[in-house]
Enquirer: 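Dropping a structure here in structure tokens format, bear with me for questions.
Order of the sequence lines sets the chain letters (A, B, ...), proteins ahead of strands, with each chain counted from 1.
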2 protein chains.
Amino acid sequence: MEYSEAKERYIEAWGSLGSSWGVNRTMAQIHALLMIATEPLSTEEIMEDLKISRGNANMNIRALLDWGLAKKVLKPGERKEYFATDKDPMVLATQVAKERKKRELDPIIRLLEEVSAVQGEGKEVKEFKKVTADLKGFAKQADSVINTFIQSNSNWFFKILGKITR
Amino acid sequence: MEYSEAKERYIEAWGSLGSSWGVNRTMAQIHALLMIATEPLSTEEIMEDLKISRGNANMNIRALLDWGLAKKVLKPGERKEYFATDKDPMVLATQVAKERKKRELDPIIRLLEEVSAVQGEGKEVKEFKKVTADLKGFAKQADSVINTFIQSNSNWFFKILGKITR
DNA sequence: CATAACTTTCAAATATTATTGAAAATTAAA
DNA sequence: TTTAATTTTCAATAATATTTGAAAGTTATG
């Protein structure tokens, strides 16, 4: 396969994968581009490569910075901003886990805390309490696992992989 | 909190959570409803409770069946179809993991297999090969973990939780 | 300060995705 | 077979999300 074709397919796939991971298509594509870049890229270069507008590029670069998935790189003597990403997949996974936990798991646990304390004695209410309490318990276990994952170094994953498959 | 308020908030939250987990809002809301139902529900009951059209209800019930997140229940002597879901959060998690693996992880691994075999010797090509190979390796490890998770019984989660937090 | 380089904003335009509802299809019972 | 209950389909519509691009904002430099 030609490099240009491979690159195109990889960026497109990463983009659609991104959508199902809570980051929008363009954001994921910019990330994909930074992953394979041999040096930091400027907004202009990103615009050109992905054929997107300045506004779009700017917005999504900000979002990547916000998610901790890209960082600003300043070249000495240059005014323009360049961007780069950490290329270790584990760092990526950790960062995504951290952000999604904050944006999704934490709020749902808080909500389940609230609604599982509902008043009443009827059959429906009892079932509701049981189900939401079970979900809350599960969500908290998931939270523990994710916290452990986030806090530990990049060998963690492979260490437990060893343990559980032994 | 009143039951009606708690129920509303829970269904709304589950719906928006769903979006970020690859299932659409209505699909997640129907699932939420089935989770707290004390008996199987008909399409009519779902339409009424969530105030959605027949077409919408039907489509999303099919999608839930397709994801393995709901099952048909036939009441003897009745023609109408009823639907129910497994209420164990672990069963839910397993099912979602299984489907998302099939829909997302498996395809991306296949793509990475292909594109990491790109031809060429330049700096860009070398970097591309390295990055995509790393991603592929990571994706395969993730695949192992998920497979173990899917195959094992519901105690698995707590067992490894014990191991890794020890 | 004035200018130019660069970044950010945001209202309007587009594109994408979800929803409706009525008609068509299916199926069970009469 | 006919009828009626039920489910499915799908084109039209509505809702949501993304993208554009030009104007406004910012900041370094002469």
Enquirer: The side chain of A:Asn60 lies closest to which of these nucleotides: D:dT19, C:dC6, D:dT9?
Expert: D:dT19
Enquirer: Would you mind reading off the distance between A:Lys75 atom NZ and C:dA5 atom P, rounded to a whole angstrom?
Expert: 19 Å
Enquirer: Whole angstroms only, please: what is the CD-P distance between B:Glu78 and D:dA5?
Expert: 14 Å
Enquirer: Distance check needed: C:dC6 C1' versus A:Asn58 CG, whole Å only.
Expert: 10 Å
Enquirer: Could you tell me whether the side chain of B:Arg79 has a donor or acceptor atom within less than 3.5 Å of a complementary atom in the base of C:dT27?
Expert: yes
Enquirer: Are B:Lys72 and B:Phe83 packed together at the side-chain level, in the sense that at least one heavy-atom pair is separated by less than 4.5 angstrom?
Expert: yes
Enquirer: Among C:dT7, C:dT19, D:dT19, find the nucleotide with the atom closest to the side chain of A:Asn24.
Expert: D:dT19
Enquirer: Enumerate the residues from residues 41-57 of chain B whose closest heavy atom to DNA chain D is under 4.0 Å, giving them by residue number; use none for an empty result.
Expert: B:Arg54, B:Gly55
Enquirer: Would you mind telling me which of C:dC6, D:dT19, C:dT19 lies closest to the side-chain atoms of B:Arg25?
Expert: C:dT19
Enquirer: Show your reasoning for whether side-chain hydrogen bond (donor to acceptor under 3.5 Å, both in side chains) applies to B:Gln29 and B:Thr26.
Expert: CA-CA 5 Å; B:Gln29 289 188 337; B:Thr26 302; 5.0 Å; no
Enquirer: When the distance from CG of B:Leu65 to C1' of D:dT7 is rounded to whole Å, what number comes out?
Expert: 13 Å
Enquirer: In Å and rounded to the nearest 0.5 Å, what is the OG1 to CD1 distance from A:Thr132 to B:Ile36?
Expert: 8.5 Å
Enquirer: Using the ring of A:Tyr82 (Phe, Tyr or Trp, six-membered ring only), decide whether A:Lys75 places NZ or CZ under 6.0 Å from its centre and within 45 degrees of its axis.
Expert: yes
Enquirer: Which class fits the ring pair B:Trp14 and B:His31: parallel under 30°, tilted 30 to 60°, perpendicular over 60°?
Expert: parallel
Enquirer: How close or far is atom P of C:dT9 from atom CZ of A:Arg62, stated in whole angstroms?
Expert: 9 Å
Enquirer: Roughly, in whole Å, what's the span from CE in A:Met27 to P in D:dT18?
Expert: 11 Å
